[in-house]
Amino acid sequence: MLNIKALSVNVEGKSVLSGVDLDVNPGEVHAIMGPNGSGKSTLANVLAGKSEYQVISGKVQFSGNDFLTLSPEERALQGLFLGFQYPVEIPGVSTENFLKTALNEKLKFEGKEELDAFDFQQLLSEKLQQINMDKSMTDRSLNQGFSGGEKKRNEILQMLVLDPKLTVLDEIDSGLDIDALKQISSGINQYKSDKNAVILVTHYQRLLNYITPDFVHVLMNGRIVMSGDYTLAQQLEEKGYEWIQAEPAVA
Amino acid sequence: MIVVQDKGIQEKLVTQVKKASQLHGQPSLAEKAALQKIENLSLPNIRDEDWRYADLDFLLQAGFDRASTLDQQEINTTAIEKIVSEFSNSNLIVFVNGVFSESMSRVTGDNIQITNDLNLKNGLSDDWEHLENPFFYYLNQSSPSSNLKIDLKGIDKEIPLLIIHLDQLSANTDFPIFQPSISITLSANSEASIVEHYLNQNTDPHFRNGVIHINLEENSVLNYQKIQNDSRQAHSLSNTFIYQAAGSQISHGSYQLGSTWSRNCTQVSYSGANTFTDLYGIAIGSETQYLDQSIKLNHTQSHADSRQLFKYVLSDKSKGVFNGKILVQENASALNAQQDNHNLLLSESAEMNAKPQLEISNEDVKCSHGSTIGQLDENALFYLRARGINEKMAKSILTEAFVTQVLENLSYKVTSNYIKTIIQQKLNL
C-alpha cells in the first residue's frame, strides 16, 4: 500500500530525514518510535504534503502511484489520513459542517452519492458512540476551546467518519489521561481491518499496550535504525533509546 | 495639481446643481441654502485626514439628470419581488434611480406613515459639521432626487420594513447622480427593524449620494441592516446620521459587497443617557473596489454603551479604509466604548488602511479598541486540505468563518439567513 524508498527531507535547509525506507501493507499496524527530534513528525507531515518540507531525494508510492507530486487534498482523497499532533483550532467553522464537507468531497471523488443532512447525522451519531463522544462537541467550532484530550478524540472521530485506507497518527497519545487513552485506542481498534493500515508515531510504549503493532521501527537521526516486532517496544520501554545508539545500525 | 482638480470638481457640481434646479423649476429655500453651502465649503480631499484614500476624480464625469422621467414599464420588478417574498411580504418602500416610487411601494397599517416632500428641510446641527466635512450632505440637499419622511411606530421586528434602492434605468446622462434623502423617526417606546437594500443590474456608471437621518425617540429600539450589493459600476456614498434620545438602542449592520467605489459615513449623536449603539459590518472587496467606512460617535451624554465590529476581506487590488472615531466629551461619564476592526488580505496587492481614533476627555470611561490585518492561517488551511477539501474551498470556508462572527450580532433569523446567503455567494461558497 505505502512504499517509502530512500526518502531524504530538509526543513529550512537542514536535513531531518536521510534515507528512510518503509513498506506498509493492508492489515498492518506499524509503530514508529524514537526520541524527540528524531524526525518522526516530519515523516508524518511529509506524507500528508505539508509544504515547508523539501523532499531532497527518494520516492513515496501509495497504491502504486507517485505520492509526492500530489497536493495535500489529493493525498487525502486517495485515502491517506493524518491525525495531527496539534489539531488546529478554527473558530467559526463547525466541526459537524467541516466533517460533512470533507466526507462529501471524498464520496464525490470516489464517484459515490453525497450524503444528505439526515444520512450524515446518522453516520455521525454512530461514530460518536464508538468513541464515547458527546454530540454537543460537533456543534462547536472545530477544536476551539477543546481540551487536549478532546482534540485528539476529535481526530479519531474524523478518522472513523472518513474511513481512510491509511491512517498516520502523529503522537495521538501525547497529553492524554488513561481514560482518554483507552477510548482513543478503542476507536483505532474498531477502525482497523485487513483492508486498511495504521502508522502510529509515538514517543512512548504506553499506547502500544492497547494497540498491538505488527512492526516497531526506531527512527533516530533521520533514519530507521532498527525494526522489530512488538517486543522491541517493550525493550525500549525498559532501556530507553540510548542503548540503540550504542549498537551498530541494524536495518 | 490636486487643488485645481478639486476646484474643477466642485465648480462642475455647483453648475450641475444650478442647471438641474432650472430644469426642475424654482428651487426651494432649503435647496438654495444648501447650494450656498456647497459653493462655500471645500470639497473633501486627500489633505483631509478622513478622506485621505478617497479618490473623487470620478465626479468629473458625473452629472444630474433630473429631467428624465421614469417609465414604469421599463422597470424590472422581478428582483424586488424575490426579496419581498424572502421577507414574508413585508412593507416595502422603493426608490428608482434615487426617486421614491409611490406605485412600487406598498405600505399598510397606521404604524408606518410616509410623506414625500422635496421642500422638506432636514436640519443638520452644528455638531455634525465638526465631525465630518458636510459637503456631500449639502450636495444632496441642494438637489435631492427625493425627500422621504418615514414615521414609524412599533412594527413586527421579524418582518422588517424593506427599503429597496433600484438603480436600473439607463438615464439620459452618461454618469448620472442619484440623491435619495430619507428621514426616519421611530416613536418613543417602540421597536422596529429595517432592511435597506441597494440593488441594481445597471451596467452604466452612476453616483448615488444618499442621505439618511434616523431619529430614535426615547426608549425606542431599532434594528437597521444596510445591504449594499450594487453593480460594479456604482459609486456609492452614504451619509447616515443617527440621533439617539435617552434609553434608545440601535443595532446597525452594514454590508459593503458591491460598487466600484463605496463610502459609508455614519455619525451618531446623543440627546440623553442610557443609550446603546451597536455598529458592525462586513466589507468584501475584489478587483479594484474601494470600500470605505467612516464611523464617528460623539458621546455627549453619560451612561452610554457603544460597540463597533467591522471586518474586511480584500482580494485582488481592492482597497479598504476603516476610520473609527470615538469622541467622549468632558461631561459624558460612565461610558463603555469598544471598537474592533479585523481585516483579511487575500492577495499581496490588496490594501487596508485602518485608523482607530479615540479622543477621550472624561476619566470615568472604559474604552478599548483592537485592529488586526492578516492573511489566512496556513496551518488551518493545511488542516482542511489534509481532510480532502480543495484549496479554493478551504479558503472560502476559512474566509466565511472569519466574517461570520459579525453576523452573530443579528438576532433575527430571516434577516440573518438572508445576509448570510448573499455573503456566501460573494465568497463563492
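Order of the sequence lines fixes the chain letters, A, B, ..., with proteins taken first and strands second; residue numbering starts at 1 for each chain. Just the heavy atoms: all of them, side chains too, but no hydrogens, waters or symmetry mates, feed the values below. Note that the structure is predicted; figures quoted are calculated from it, not measured.
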Anything under 30° is parallel, anything over 60° is perpendicular, the rest tilted; go ahead and classify A:Phe84 against B:Phe382. perpendicular

Please classify the contact of A:Leu142 with chain B as side chain, backbone, both or neither, using a heavy-atom distance under 4.5 Å. side chain

Give, as side chain, backbone, both or neither, the part of A:Asn143 having an atom under 4.5 angstrom from any heavy atom of chain B.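 The side chain, not the backbone.
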
Rounded distance (nearest 0.5 Å) linking atom [atom1] of [X] with atom [atom2] of [Y]:
{"X": "B:Ile389", "Y": "A:Phe98", "atom1": "CD1", "atom2": "CZ", "answer": "5.0 Å"}
{"X": "B:Asp377", "Y": "A:Ile90", "atom1": "CG", "atom2": "CD1", "answer": "7.5 Å"}
{"X": "B:Arg385", "Y": "A:Ser71", "atom1": "CZ", "atom2": "OG", "answer": "5.5 Å"}

Counting heavy-atom pairs under 4.5 Å with chain B, which one of A:Gln78, A:Gln158, A:Arg75, A:Lys106 comes out on top?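 Ranked by contacts with chain B, first place is A:Gln158.
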
Are the side chains of B:Asn390 and A:Glu105 in contact, using a 4.5 Å heavy-atom criterion? yes

Is a side-chain N or O of A:Glu73 found less than 3.5 angstrom from the main chain of B:Glu391, in a donor-acceptor match? yes

Count the heavy atoms belonging to other residues, nucleotides or ligands that lie under 6.0 Å from CD of A:Glu52, then report whether that count exceeds 12. yes

Do you know the tightest heavy-atom contact between A:Ala76 and B:Gly388? CB-N, 3.3 Å

Any idea which heavy atoms bring B:Ala401 and A:Pro91 closest together, and the distance?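 Minimum heavy-atom separation between B:Ala401 and A:Pro91: CB-O, 3.4 Å.
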
So B:Arg387 and A:Glu155, salt bridge (charged side-chain N to carboxylate O under 4.0 Å, His left out) or not? Walk me through it. CA-CA 11 Å; B:Arg387 296 294 177 258; A:Glu155 295 293 291; 2.8 Å; yes

